[in-house]
Amino acid sequence: MKKIEEGIYPEYIKSLSKHDMELLCGDIRKKIISTLSNTGGHLASNLGIVELTLAIHKVFDAPKDKIVWDVGHQSYVHKLITGRGNSFDTLRQMNGMSGFPKRSESEYDTFDTGHSSNSISAALGMAVARDLKGEDYSVVAVIGDGALTGGMVYEAMNNAGVMDSNLIVILNDNEMSISKDYGSMSQHLGKLRTSDSYDNVKKKIKRAVKNIPGVGGALYNGLESMRDALKYLVVPGVLFEEMGFVYLGPVDGHNLEGLIEVLTNAKSMEKPVLVHCITQKGKGYAPAEKRPDKFHGVSPFDKKTGVSLSKSDKLTYSAVFGRKLTEIAKEDARIVAVSAAMIDGTGLSEFARTFPERIFDVGIAEEHAVTFAAGMAVNGMKPVVAIYSTFLQRSYDQIMIDVCMQNLPVVFCIDRAGIVGADGETHHGIYDLSYLQSMPNMTILAPSDGPELEIMLKYALTMNGPCAVRYPRGSAEDLSNYRIEETAENKILQTVDSKSCEGKIAQIKPIIMQRGSDITIAAVGKMTSYCLKAAKKLNESGIQAEVIDARIIKPLDEESSSVYINSAERTGRILVVEDNIKFGGFGSLIESLFAADSEVKAYKIGWPDEFVQHGTQEQLEKKFGLDPDSIAEKVSEIIEGKA
């Protein structure tokens, strides 16, 4: 057998016997475990889809046949058997292989993916284009059961059923999304996993009825009119069939022979088909089999034990948020939490254990999550919606119309704001400040450390309108030692007058963290600690930088504006540093303050107007000038008149 590193292609898979394919499955699992123990990545989902991926490439003829991977984080096996085994050790590394399908990376990657529930829509579009052009090939969408909680799936299936296009949907049902699945679809799939097939039941009924002496035949004919009602009781895939799909399954997703047979049958049908495969997430690696949720996305780990090699004594921002929300909620029964299939990832596990009746995981349905929260808010509750920045983008319209237009007190806790690293373009949260600033009634807060996050969360829950608190991935800083000066222009919120968060409290305003006379640096969130480090380096070269922790991004009212204006008028220059794209972010807002003032020159540092590739956070920050050394260098250029 060929080694994976030699470059395996689908043509080679087609030449293998069942025995050799099974051996290859073992080699692939070893390769994935070994590589991800060094690079990190999505482990459990890829271990569970090995046989299914090989069967797909055995039956279909990629790249002529088009395969679309929903979300895309389960495409590692696909990459390994489409000629990329020799570069797999660069997975998720800067300038290396992406952790998601990339059309620019391989002709076998037909659609760039990274977010959930869009594969059927994309595949249907490909199928229609094929038909319009008179071409002949199969189009396959591979989708996980977790993605079925996203409404876009049903919009696409409803459309596909009406069009009656030749389209194959493969449902990889591993009983797991990132967090435990919730909702009626999860319950429906659970029934399918344990039910008899419709054909078997129908045959048994037919045989029993027809064997009744004398009246059997007539009785059976009379039952024909009841067939549809019977079908609703016993057909496993009735939901999918009612949407116009032929349902095949459930089939064992680790049985190569069975998979090849059912996929061959599906390929021969000239209509929409859904193949339901049951797989085990984490298969072949004991730690991942026992805790598939913990091994969904991993950092480098000891492959013998599964123990993570990443160690930090600091709490993450997610943990700080979850702990503080649980504490506040003990004093106010109106506080509820909403998650879009990310309870663990957003730090809500403790809240879920403490208040199981007050947490709502709505699945991968961010649009619904926001409007659901709006409905609770309009009826007197205090909903906190915890969502990663990149996924919040999907609910733009609901935030604007259902929350902001009605000025409802919904708190958006935006995790993973800013650059996130190895997951790349689809997962960076560098757009939220730009689009949220455009929404009337929205207040936007950006804590620079853990203590500020706690303060801002408590403050947000006192508001009578929408509020977004955005914070980064990773360990939370503690910059308390810098907040020692209390002046009229430098107030910091310290307490809330009421445990139930109803008391009158001080307004959150920007604060000066360090005094200086040569330049003003306005820092947003995480960038505050970077700017303080840059200021320390600048001080060694004789440049005195004044650093302001922006804290509140919107509204930029008269009192907040005066902090920047007074400082910049003293220094003559202001530089905004933010973990957001430069265009339409906080820098653009500050620039507008000084647009008519030729005495003050305004500059900004942020992410460029492009999709930022994958790499570590540190690598990307250095490349694009957002690390402390680069910030200091930029300031030096400004002072020297080179910027």
Side-chain angles (χ1 to χ4, degrees), residues 52 55-57 59-72 75 78 101 103 107-173 184-185 188-189 192 198-199 227-228 231-232 235-251 262-277 363-365 367-368 394 397:
L52 178 54
I56 290 171
H57 280 289
V59 172
F60 296 97
D61 300 314
K64 178 185 177 183
D65 291 335
K66 312 302 181 187
I67 304 169
V68 182
W69 299 90
D70 202 281
V71 184
S75 63
H78 163 77
R103 293 167 63 222
E107 64 178 336
Y108 291 94
D109 294 354
T110 61
F111 200 81
D112 291 8
T113 52
H115 286 186
S116 172
S117 310
N118 65 345
S119 61
I120 302 177
S121 295
L124 178 60
M126 292 178 183
V128 170
R130 172 202 62 201
D131 297 343
L132 289 172
K133 294 165 68 176
E135 296 174 339
D136 181 24
Y137 54 82
S138 297
V139 181
V140 181
V142 186
I143 186 168
D145 54 321
L148 292 187
T149 59
M152 191 174 177
V153 167
Y154 304 100
E155 296 175 21
M157 292 187 72
N158 184 58
N159 193 197
V162 172
M163 288 185 173
D164 203 32
S165 294
N166 181 4
L167 172 69
I168 299 167
V169 176
I170 298 175
L171 171 58
N172 174 29
D173 180 2
S184 56
M185 176 50 66
H188 178 71
L189 292 179
L192 302 195
Y198 172 59
D199 286 340
R227 188 160 49 188
D228 285 342
K231 189 175 180 180
Y232 275 98
V235 172
V238 65
L239 172 64
F240 304 113
E241 294 200 347
E242 287 301 309
M243 298 185 79
F245 280 72
V246 174
Y247 174 85
L248 301 178
V251 60
V262 74
L263 292 177
T264 301
N265 290 339
K267 185 178 181 179
S268 68
M269 297 182 181
E270 298 293 324
K271 58 182 64 179
V273 181
L274 185 137
V275 181
H276 182 186
C277 304
I364 304 174
E367 305 96 323
H368 166 61
R394 310 180 96 189
D397 184 68

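None of these values were measured; they are calculated from a predicted model.
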For a 4.5 angstrom cut-off between non-hydrogen side-chain atoms, does [X] reach [Y]?
{"X": "V169", "Y": "F240", "result": "no"}
{"X": "V246", "Y": "K271", "result": "yes"}
{"X": "P272", "Y": "D164", "result": "yes"}

With rounding to the nearest 0.5 angstrom, report the [atom1] to [atom2] distance, [X] to [Y].
{"X": "M157", "Y": "S121", "atom1": "CE", "atom2": "OG", "result": "11.0 Å"}
{"X": "L171", "Y": "H276", "atom1": "CG", "atom2": "NE2", "result": "4.5 Å"}
{"X": "L263", "Y": "L52", "atom1": "CG", "atom2": "CG", "result": "6.5 Å"}
{"X": "M152", "Y": "I120", "atom1": "CE", "atom2": "CD1", "result": "10.0 Å"}
{"X": "D173", "Y": "C277", "atom1": "CG", "atom2": "SG", "result": "9.0 Å"}
{"X": "I170", "Y": "W69", "atom1": "CD1", "atom2": "CH2", "result": "7.5 Å"}

Is the backbone of [Y] close enough, under 3.5 Å, to the side chain of [X] for a donor and an acceptor to pair up by distance?
{"X": "T110", "Y": "I67", "answer": "yes"}
{"X": "T149", "Y": "I364", "answer": "yes"}
{"X": "D70", "Y": "A141", "answer": "no"}
{"X": "Y154", "Y": "L148", "answer": "yes"}

Work out which heavy atom in [X] is nearest to a heavy atom in [Y]; give both atom names and the distance.
{"X": "A123", "Y": "V139", "answer": "O-CG1, 3.4 Å"}
{"X": "V153", "Y": "A147", "answer": "CG2-O, 3.3 Å"}
{"X": "A266", "Y": "I168", "answer": "O-CD1, 3.8 Å"}
{"X": "L167", "Y": "A160", "answer": "CD2-CB, 4.0 Å"}
{"X": "D136", "Y": "R130", "answer": "N-CG, 4.4 Å"}

Open item on the list: Just to verify, what does D61 make a side chain to side chain donor-acceptor pair (under 3.5 Å) with, not counting sequence neighbours?
Closed with: K14, K267
TODO: Give the C-alpha distance, both sets of side-chain angles, the deciding distance and a yes or no for side chain to side chain contact (heavy atoms under 4.5 Å, CB included) between D131 and M163.
DONE: CA-CA 11 Å; D131 297 343; M163 288 185 173; over 6 Å; no
- [ ] Could you check V140 against D65 for side chain to side chain contact (heavy atoms under 4.5 Å, CB included), going step by step and ending with a plain yes or no?
- [x] CA-CA 8 Å; V140 181; D65 291 335; 5.8 Å; no
- [ ] Identify whether NZ of Lys or CZ of Arg in K66 sits under 6.0 Å from the centre of the six-membered ring of F111 and within 45° of that ring's axis.
- [x] no
TODO: Please test V128 against S165 for side chain to side chain contact (heavy atoms under 4.5 Å, CB included), starting from the C-alpha separation and ending with a verdict.
DONE: CA-CA 7 Å; V128 170; S165 294; 4.2 Å; yes
Open item on the list: Under a 3.5 Å cutoff, is there a donor and acceptor pairing between the side chains of Y108 and H78?
Closed with: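 Distance-only check fails for Y108 and H78.
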- [ ] Show your working on side chain to side chain contact (heavy atoms under 4.5 Å, CB included) between M243 and L274 and close with a plain yes or no.
- [x] CA-CA 11 Å; M243 298 185 79; L274 185 137; over 6 Å; no
Open item on the list: Test of understanding: with salt bridge (charged side-chain N to carboxylate O under 4.0 Å, His left out), list the residues that count as partners of R394, not counting sequence neighbours.
Closed with: E366
